[in-house]
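Below you'll find the structure, written out as structure tokens, and then a few comments.
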There are 2 protein chains.
Amino acid sequence: MTYTRNTLAIDSFAALGDPTRRAIFERVAMKPASVGYLAKGLPVSRPAVSQHLRVLKEAGLVTESPEGARRIYRIDPRGIAAMRAWLDSHWAFALDAFKEFADKQDEEKSK
Amino acid sequence: MTYTRNTLAIDSFAALGDPTRRAIFERVAMKPASVGYLAKGLPVSRPAVSQHLRVLKEAGLVTESPEGARRIYRIDPRGIAAMRAWLDSHWAFALDAFKEFADKQDEEKSK
DNA sequence: TACGAGTGTAAGTCATAACTTACCGTAAGT
DNA sequence: ACTTACGGTAAGTTATGACTTACACTCGTA
């Protein structure tokens, strides 16, 4: 069952929902890194990191660029941009709706 | 294994990673609604919706307020705010890092 | 107080996905 | 060419979580 389109933002949420992937993403965001380097600092095997990086790549959150025998992973602005856009589309509305509700609550109390 | 704190933003990503929960959240964001009302518009049972709402509530994405026999769910700005903050903390850096990398790529090519 | 509407929770099932080990390909150095 | 470093993929295991049905609770109304 699919409820909506906008696959980039969607996949990004699912991708960052996993704690291991979020840890990998944060490390890559701090500094571009290879698979082996990332695996050394994490409690999972190298193939696991490799698999997570593929998911992050497909979600538009990181990019891969061969550098000799290694492959350096870097942060990709597209995924973050898509998520920001999705959040912003709800943000203003969320504030309005909540404020209106809060105001009504106050009216109830002061009756 | 837990990698980091900031549980609100973290739980929010995991919560919105599920397509059914994202659908529920989007509907609640558009208009406050009861559990039964939401269930009628979705391909899952009412208890399933109830369980999803609990996850969304614990992630700070919705609030619950009894209204007679019903419980009305509304959007909660805190979850979205936490996610925006998390994203923004990576956003500027992502752009910088990516731009720098792109520039280097250009230098390589023009050698 | 009895009843119907609305909802949360418990328990169990099943699909998904996160992880492991084993294997194979590719690039650089001797 | 051989070897070593690096990393993706396959296959299998296991834990997680999304879903169902059954049950219990609360609130308003007759």
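Everything numeric here is computed off the predicted structure, so don't read it as measured data. Quick note on labels: first sequence line is chain A, next is B, and so on, each numbered from 1.
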Donor + acceptor pair across side chains of B/S65, B/R74 (<3.5 Å): yes
field: Minimal non-hydrogen separation, A/F25 against A/V62, with atom names
entry: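 Heavy-atom minimum between the residues: CD1-CG1, 4.2 Å.
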- request: Please report the closest heavy-atom contact between B/S12 and B/A59, naming both atoms and the distance.
  value: OG-O, 3.1 Å
Spacing between [X] atom [atom1] and [N] atom [atom2], to the nearest angstrom:
| X | N | atom1 | atom2 | result |
| --- | --- | --- | --- | --- |
| B/K57 | C/dT7 | NZ | P | 13 Å |
| B/L56 | D/dA18 | CG | C1' | 13 Å |
| B/R70 | C/dT7 | CZ | P | 7 Å |
| B/Y73 | C/dT7 | OH | P | 8 Å |
| A/I24 | D/dG7 | CD1 | P | 13 Å |
| B/I72 | C/dG6 | CD1 | C1' | 10 Å |

- request: Could you run through nucleotides 24-30 of chain D and give me one letter per nucleotide, 5' to 3': B if any protein heavy atom sits under 4.0 Å from the base, S if only the sugar-phosphate is that close, - if neither?
  value: ---SS--
statement: Readout for nucleotides 16-22 of chain C: B = base within 4.0 Å of protein heavy atom, S = sugar-phosphate only, - = neither; 5' to 3' it is --SBBBB
task: Fit a plane to each ring of B/F13 and B/W86, take the angle between them on a 0 to 90° scale, and name the class: parallel (under 30°), tilted (30 to 60°) or perpendicular (over 60°).
output: perpendicular
task: Please determine if a side-chain N or O atom of A/S50 lies less than 4.0 Å away from the OP1 or OP2 oxygen of D/dG8.
output: yes
message: With a cut-off of less than 4.0 Å, is there a side-chain N or O of A/Y37 near OP1 or OP2 of D/dG7?
response: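 No.
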query: Quick one: does A/S34's side chain have a donor or acceptor within less than 3.5 Å of a partner on A/R71's backbone?
result: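 Not confirmed, A/S34 side chain does not pair with A/R71 backbone.
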field: Residue of the set A/R70, A/K57, A/R54 for which salt bridge (Lys or Arg N to Asp or Glu O under 4.0 Å) holds with A/E64
entry: A/K57
Side-chain donor-acceptor pairs under 3.5 Å in residues 42-51 of chain A, sequence neighbours left out?
from: A/S45; atom 1: OG; to: A/A48; atom 2: N; distance (Å): 3.4

query: Is it the case that more than 12 heavy atoms not belonging to B/R27 sit under 6.0 Å from its CZ atom?
result: yes
query: Same hydrophobic cluster for B/I72 and B/L61, using side-chain heavy-atom links shorter than 4.5 Å among ILVMFWY?
result: no
